[in-house]
Number of protein chains: 2
Amino acid sequence: MDISARADYAVRALLVLAEDPTADRAHPSDELARRAGVPAKFLEAILGDLRRAGFVSSRRGSSGGYLLARPPAEITLGEVLRTVDGPLAEVRGQRPHETHYEGSAEHLATVWVAARAALRRVLDETTLEQVLEGRLPEHVRAMAELPDAWESR
Amino acid sequence: MDISARADYAVRALLVLAEDPTADRAHPSDELARRAGVPAKFLEAILGDLRRAGFVSSRRGSSGGYLLARPPAEITLGEVLRTVDGPLAEVRGQRPHETHYEGSAEHLATVWVAARAALRRVLDETTLEQVLEGRLPEHVRAMAELPDAWESR
DNA sequence: ATGAAACCTAGCGGACAAGTAGGGAATATA
DNA sequence: TATATTCCCTACTTGTCCGCTAGGTTTCAT
C-alpha cells in the first residue's frame with residue numbers, strides 16, 4: 001500500500017473543506033493549501049482531479065474557490081484514494097482478481113484478493129466525517145489497537 | 001498495495017522450491033525460471049536478494065542451484081514481500097506510524113495504521129506451505145469469501 | 001474595468017521498475 | 001585435469017511515474 005503525496009494531500013484538503021460547516025462559502029485553493037500544509041500549485045492540480053471526480057465543485061472569479069460537492073459522511077477514503085492513486089491493490093499491474101496462477105502458485109490469487117478485501121474493509125468503510133470527528137468504525141479502531149499495530153516491522 | 005513483478009516472481013519461485021519435498025537437491029535458477037514462468041535473468045537477480053535475506057541457500061558449479069533455507073511453514077508472504085519490495089505500507093514515503101497530522105487530519109494516522117494492520121493480518125499470517133496446499137488461515141479465507149471480494153471497484 | 005480566482009498545458013529532474021548483457025568465480029563430474 | 005555448469009556481480013537500457021513548478025488564459029464578483 002503506497003499512499004502517494006497526491007493522495008495524502010487530497011484527503012487532507014478534503015478534510016479542511018469538511019471542517020467548514022457552512023457549505024456555501026467557497027475556499028480558494030491557496031487557502032486550502034495553506035491550511036492543509038501542502039504545496040499550493042500542486043494542490044491546484046489535485047483539486048482538478050477531485051472536481052472531475054465529483055468530490056468538490058468550484059467557482060471561478062473573485063470570492064470563488066472550492067466546496068465539497070457531497071456530504072463528508074458519504075465520502076470514503078477508499079474512493080478518494082482510487083481517484084487519485086488508481087486501484088487500491090495491484091499485482092504486476094493487474095487487479096488481484098485478474099491474476100491467474102497454475103501449479104504450486106495456484107492459490108496465490110486468493111491471498112491477493114484477501115489482502116485487498118482487508119484493505120477495503122478499512123478504507124471503504126471510513127468516511128471523511130469519521131476521520132474529522134475521530135469516530136472511526138469499531139473494526140477499524142480495533143485494527144489500530146492490535147498489539148503491534150504501531151510498531152515497525 | 002502494489003505487488004511488483006519482482007515480488008510476485010520471488011513468491012512463485014519460492015513456491016516451486018517448496019514444492020520439492022526432497023530438501024537436498026539444488027534447483028538451478030533457469031529451471032526455477034522455467035517452472036515458475038518468469039524471465040530467467042531477472043529471476044537470477046531476485047534469487048540473489050532471497051539468498052542474502054536467508055530464504056534460500058545456493059550451491060555453485062554443476063549440479064548446483066538453490067534450495068529453501070527454511071521450512072515453508074515458517075516463511076510468510078509478508079516477509080518475502082518486505083525483502084523484495086520494501087515496507088508493506090507507506091504514506092508519502094513514510095511508515096504509517098511515523099506520519100503526523102494536526103488539525104482536521106489529526107486522526108488520519110490511525111486509519112493508515114489500521115490499514116497496514118489489516119494487510120499484515122493477511123500477509124504475515126499466511127505461509128508458503130499454506131499457499132502450496134491451499135489451506136489458508138481461516139480469517140484469510142473469510143476475507144476472500146466476502147461478498148464482493150472478487151469484484152472490481 | 002480590475003483583480004481574484006479557477007483552469008490548462010507544458011515541462012523538468014529524479015527515482016524506480018523491469019528487464020538485458022556479459023563476464024568472472026566456484027565446483028561437481030567426466 | 002579439463003570442462004561444463006552454475007552462481008554471482010556490475011553495468012546498462014528503456015520507459016514510466018512522481019512531485020512539483022511556470023506561465024498563461026478564462027471566468028466572474030465587485
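Protein chains get the first letters and strands the later ones, always in sequence-line order, with residue 1 at the start of each. Fair warning: this is a prediction, and the values are worked out from it, not measured in the lab.
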**Prompt:** Taking protein heavy atoms under 4.0 Å as touching, what does nucleotides 23-30 of chain C look like 5' to 3' if B marks base contact, S marks sugar-phosphate-only contact and - marks none?
**Reply:** BBBBBBS-

**Prompt:** Within less than 4.0 Å of OP1 or OP2 of C:dA18, is there a side-chain N or O belonging to B:Tyr9?
**Reply:** no

**Asked** Picking from D:dC7, C:dC7, C:dG19, which would you name as closest to the side chain of B:Phe42?
**Response** C:dG19

**Message:** Rounded to whole Å, how long is the line connecting atom CG of B:Leu43 with atom C1' of C:dT20?
**Reply:** 14 Å

**Request:** For residues B:Arg59 and B:Ala26, report the shortest heavy-atom separation together with the two atoms involved.
**Result:** NH1-CB, 4.5 Å

**Request:** May I have the distance from B:Ile46 (atom CD1) to C:dA17 (atom P), rounded to whole angstrom?
**Result:** 12 Å

**Complete:** Separation of D:dT16 atom C1' from A:Arg92 atom CZ, nearest Å, is 17 Å

**Request:** Report the distance from atom CD of B:Glu31 to atom C1' of D:dC7, rounded to the nearest whole Å.
**Result:** 15 Å

**Item:** Worked verdict on A:Leu47 versus A:Phe55 for side chain to side chain contact (heavy atoms under 4.5 Å, CB included)
**Value:** CA-CA 9 Å; A:Leu47 285 166; A:Phe55 294 104; over 6 Å; no

**Message:** Minimum heavy-atom separation for B:Pro96 and B:Ala89, please, with both atom names.
**Reply:** CD-O, 3.3 Å

**Prompt:** Just how far, in rounded Å, is P of D:dT5 from CZ of B:Arg25?
**Reply:** 15 Å

**Fill in**
Whole-Å distance, B:Glu90 CD to D:dG19 P, equals 11 Å

**Request:** Taking all non-hydrogen atoms of both residues into account, name the closest pair between B:Ala109 and B:Thr99 and its distance.
**Result:** CB-OG1, 3.4 Å

**Message:** Rounding to an integer number of Å, can you tell me how far B:Asp49 CG sits from C:dA17 C1'?
**Reply:** 13 Å

**Asked** B:Leu17 and B:Leu32: side chain to side chain contact (heavy atoms under 4.5 Å, CB included), yes or no, with the steps?
**Response** CA-CA 8 Å; B:Leu17 276 178; B:Leu32 296 177; 3.9 Å; yes

**5' priority, DNA chain D, between B:Pro28 and A:Ala45 [closest heavy atom]** = B:Pro28

**Request:** May I ask you to say what B:Gly48 touches in the nucleic acid, namely base, sugar-phosphate or nothing, with a heavy-atom cut-off under 4.0 Å?
**Result:** nothing

**Message:** Between A:Tyr66 and C:dA5, is there a contact of a side-chain N or O with OP1 or OP2 at under 4.0 Å?
**Reply:** no

**Nucleotide C:dA18, atom P - distance to CG of B:Asp85 in whole Å** = 8 Å

**Pairwise 5' ranking along DNA chain D for A:Ala40 and B:Ser58, keeping only the more 5' one** = B:Ser58

**Prompt:** Which is true for B:Arg52 with a 4.0 Å heavy-atom rule: it touches a base, it touches only sugar-phosphate, or it touches nothing?
**Reply:** sugar-phosphate

**Asked** Taking atom NZ of B:Lys41 and atom CD1 of B:Ile46, what is their separation to the nearest 0.5 Å?
**Response** 12.5 Å

**Item:** Test log, rule side chain to side chain contact (heavy atoms under 4.5 Å, CB included), inputs A:Trp112 and B:Val122
**Value:** CA-CA 9 Å; A:Trp112 301 147; B:Val122 171; over 6 Å; no

